[in-house]
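First comes the structure, then the notes that go with it.
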Amino acid sequence: MSTLSDLLAEHTRLSGAAADHLQLVVAEWQLLSDLSFADFLMWVPTGPEEAPEELFLCVAQARPTTAPTAHPEDVVGTEATREDHPQLHRAAAEGRICREEDPRWHLGVPVRRETIPVKLGEEIVAVLSRDTNLAVPRVPSPLEISYLGSAADLCQMVADGEFPTPEPAPDVHTSPRVGDGLIRLDSSGTVVFASPNALSAYHRMGHAADLVGAQLAPLTRSLLNDPFDADEVSQRVRKAMGGQPSMRIEAEAKGATVLFRALPLRPRGQEAGALVLVRDVTEVKRRDRALMSKDATIREIHHRVKNNLQTVAALLRLQSRRTGNNEARQALDESVRRVTSIALVHETLSMSVDERVDLDDVVDRVIPMMSDVAVAETGVKVRRDGRFGVVSAELATPLVMVLTELVQNALEHAFPEGQGGEVIVQAERSARWLDVVISDDGRGLPRGFSLERAERLGLQIVRTLVESELRGSLSLRGRGRQKGTEAVLRVPLKYRR
């Protein structure tokens with residue numbers, strides 16, 4: 001299904017400012033839907049230029065979390081003519097909220113429709129349809145009356161072009177919802193309604209009495225631990241009373257962490273108080289701190305493993321220098337290379353926050369180490385083509401080991417002594433697979449070569465890692481008309497143990 005931006009660009013002649021305003025409406029309208037106990041549909045005129053209100057297209061949809069939906073089906077992408085939905089045309093033409101006198105039946109459910117023009121400056125850029133499912137009878141209660149009254153004020157502000165308004169970048173990346181806790185203030189800043197969850201949040205902050213009748217700004221200021229947070233939250237509530245929307249902010253009191261957001265209510269330009277949304281995020285913050293501590297511990301473990309591996313590599317290198325036997329020295333040098341490759345993966349993981357490794361970074365650090373030695377000794381160069389991308393930690397270590405072994409195998413066995421050449425590590429990634437081809441322009445495979453019967457330790461390590469750790473496939477083959485050898489590796493990116 002196309003996004004709101006796609007639908008607006010494809011089907012309307014709206015300006016960029018109008019499209020941005022509709023994005024703001026969609027970002028806020030879950031609040032309207034929950035307060036209204038109703039579905040919200042956004043309709044934009046798509047009729048001919050001389051009469052655009054003759055045809056409307058639904059470009060977005062929101063369902064309430066506080067009541068049964070009136071539209072279990074997906075309405076986005078459907079069209080409505082003037083005859084199908086006359087209230088859309090009336091709201092757009094008259095610039096006011098229009099209500100149906102009698103409910104209509106939709107999929108066997110009685111639905112009451114209201115239409116709300118979306119105003120930007122002096123222009124009506126869209127119409128919201130507020131559709132209420134009447135199949136479930138509702139008994140009026142203080143909560144429902146307060147919710148519907150607040151929804152009516154906000155919907156009128158949408159029709160006035162006063163809601164929503166762009167906010168500065170929020171301090172936090174979440175927002176309280178209606179069900180988290182809602183407080184309604186009158187024009188003097190006095191609490192006239194507090195939902196049970198809002199009252200519970202204030203109880204967690206240390207306020208034992210009821211909230212109704214209290215001045216919320218000074219009360220909240222007296223409860224918060226940090227003087228700066230206390231002044232900031234109190235000031236934001238007062239700004240909302242003066243008609244200015246405020247950013248979301250977190251504050252702590254008595255060991256509880258609460259998220260606040262204040263919204264002004266000014267239907268038809270008249271001050272009607274404010275809404276304050278509150279959410280007790282104490283447990284969420286506790287879990288976040290626990291996860292941060294766990295992540296820090298894991299990164300520290302990777303750092304220490306890297307240090308230990310570097311120590312092991314240094315000891316092996318020292319032993320290699322003291323060994324007179326060439327075969328033993330070569331075996332020790334190969335061990336140093338293998339340990340160093342694993343240490344590089346752990347070094348990358350020690351700086352990662354999600355246990356994932358940028359394989360291009362690791363490979364670009366491993367290849368130069370091997371290439372410098374190869375160029376100095378044989379004149380063979382090593383380079384990388386393509387991108388490996390980011391892989392999980394469980395794939396990174398065996399994959400780097402396999403790549404280094406295959407490159408080292410090519411450096412050692414592909415070229416006659418004294419003959420230069422090139423080894424290319426080529427990577428191609430899709431949604432499901434990582435395909436790697438390590439090719440050289442050397443002498444090619446010996447006659448009768450079989451990977452399964454190869455006795456070299458490096459190839460045995462590679463075969464074991466590919467089969468047991470990577471769950472992939474590996475083949476060695478000639479390059480056809482070109483001289484040299486190709487090692488073809490295919491690894492699934494989404495395997496599970």
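Keep in mind that what you see is a predicted model, and the values were worked out from it rather than measured.
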Measuring only between side-chain heavy atoms, which start at C-beta, is [X] closer than 4.5 Å to [Y]?
X	Y	value
Arg238	Gln235	no
Thr12	Thr46	yes
Trp433	Pro492	yes
Pro103	Val111	no
Val402	Val466	yes
Thr115	His85	yes
Asp210	Val191	no
His207	Met205	no

- prompt: Partners of Thr66 by side-chain hydrogen bond (donor to acceptor under 3.5 Å, both in side chains), sequence neighbours excluded?
  reply: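 For Thr66, no residue satisfies side-chain hydrogen bond (donor to acceptor under 3.5 Å, both in side chains) once neighbours in sequence are set aside.
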List the atom of [X], the atom of [Y], and the distance in Å for their closest heavy-atom pair.
X	Y	result
Ser234	Arg221	CB-CB, 4.1 Å
Gln30	Arg177	CG-NH2, 3.1 Å
Ser150	Leu275	OG-CD2, 3.3 Å
Asp39	Ala70	OD1-N, 2.6 Å
Arg130	Ala151	NH1-CB, 3.9 Å
Val26	Trp29	O-CD1, 3.0 Å

Backbone N or O of [Y] within a donor-acceptor pair of the [X] side chain at under 3.5 Å?
X	Y	value
Gln244	Lys239	no
Thr282	Thr257	yes
Ser33	Ala38	yes
Asp84	Thr81	yes
Thr220	Leu216	yes
Ser146	Leu143	no
Asn133	Thr69	yes
Asp280	Ala201	no

- prompt: What's the verdict on salt bridge (Lys or Arg N to Asp or Glu O under 4.0 Å) for Arg429 and Asp360, showing C-alpha distance, side-chain angles and the deciding distance?
  reply: CA-CA 12 Å; Arg429 182 166 179 155; Asp360 295 304; over 6 Å; no
task: Identify, with sequence neighbours excluded, every residue that meets ring-ring contact (aromatic ring centres under 6.0 Å, His included) alongside His106.
output: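 By the ring-ring contact (aromatic ring centres under 6.0 Å, His included) rule, His106 matches His71.
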Rounded to the nearest 0.5 Å, how far does [atom2] of [Y] lie from [atom1] of [X]?
X	Y	atom1	atom2	result
Ile116	Ser36	CD1	OG	6.5 Å
Phe388	Asp361	CZ	CG	12.5 Å
Glu394	Arg356	CD	CZ	10.0 Å
Asp131	Glu114	CG	CD	9.0 Å
Glu28	Gln23	CD	CD	12.5 Å
Arg266	Arg268	CZ	CZ	14.0 Å

field: Working for side-chain contact (heavy atoms from CB on, under 4.5 Å), residues Thr78 and Trp43
entry: CA-CA 9 Å; Thr78 61; Trp43 300 88; 4.0 Å; yes
task: For the pair Arg261 and Asp180, find out whether any cationic side-chain nitrogen is under 4.0 Å from an anionic carboxylate oxygen.
output: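 Looking at Asp180 together with Arg261, the answer is no, because their closest N to O distance does not fall below 4.0 Å.
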message: Less than 4.0 angstrom from a charged side-chain N to a carboxylate O is my criterion; do Lys119 and Asp160 meet it?
response: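 A salt bridge is absent here (no side-chain N lies under 4.0 Å from a carboxylate O).
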- prompt: Can Ser195 and Asn197 be said to form a side-chain hydrogen bond (donor to acceptor under 3.5 Å, both in side chains), step by step?
  reply: CA-CA 6 Å; Ser195 71; Asn197 284 344; 5.8 Å; no
Take atom [atom1] in [X]; do more than 12 heavy atoms of anything else shown fall under 6.0 Å from it?
X	atom1	value
Arg13	CZ	yes
Glu54	CD	yes
Glu122	CD	no

- prompt: Given the rule in the side-chain contact (heavy atoms from CB on, under 4.5 Å) test, do Leu399 and Val357 qualify, once you have shown the distances and angles that lead to the verdict?
  reply: CA-CA 11 Å; Leu399 195 48; Val357 176; over 6 Å; no
- request: Could you walk me through whether Leu470 and Leu395 pass side-chain contact (heavy atoms from CB on, under 4.5 Å), step by step?
  value: CA-CA 7 Å; Leu470 299 176; Leu395 286 179; 3.8 Å; yes
task: Indicate whether the side chain of Ser5 and that of Thr3 have a donor and an acceptor atom separated by less than 3.5 Å.
output: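 No, no side-chain donor-acceptor pair sits under 3.5 Å.
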- prompt: Which class fits the ring pair Tyr147 and Phe37: parallel under 30°, tilted 30 to 60°, perpendicular over 60°?
  reply: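 Parallel.
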query: Among Arg387, Arg384, Arg383, which one satisfies salt bridge (Lys or Arg N to Asp or Glu O under 4.0 Å) with Asp364?
result: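 Among Arg387, Arg384, Arg383, the one that satisfies the salt bridge (Lys or Arg N to Asp or Glu O under 4.0 Å) with Asp364 is Arg384.
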field: Worked verdict on Phe260 versus Arg236 for side-chain contact (heavy atoms from CB on, under 4.5 Å)
entry: CA-CA 9 Å; Phe260 296 87; Arg236 293 186 186 192; over 6 Å; no
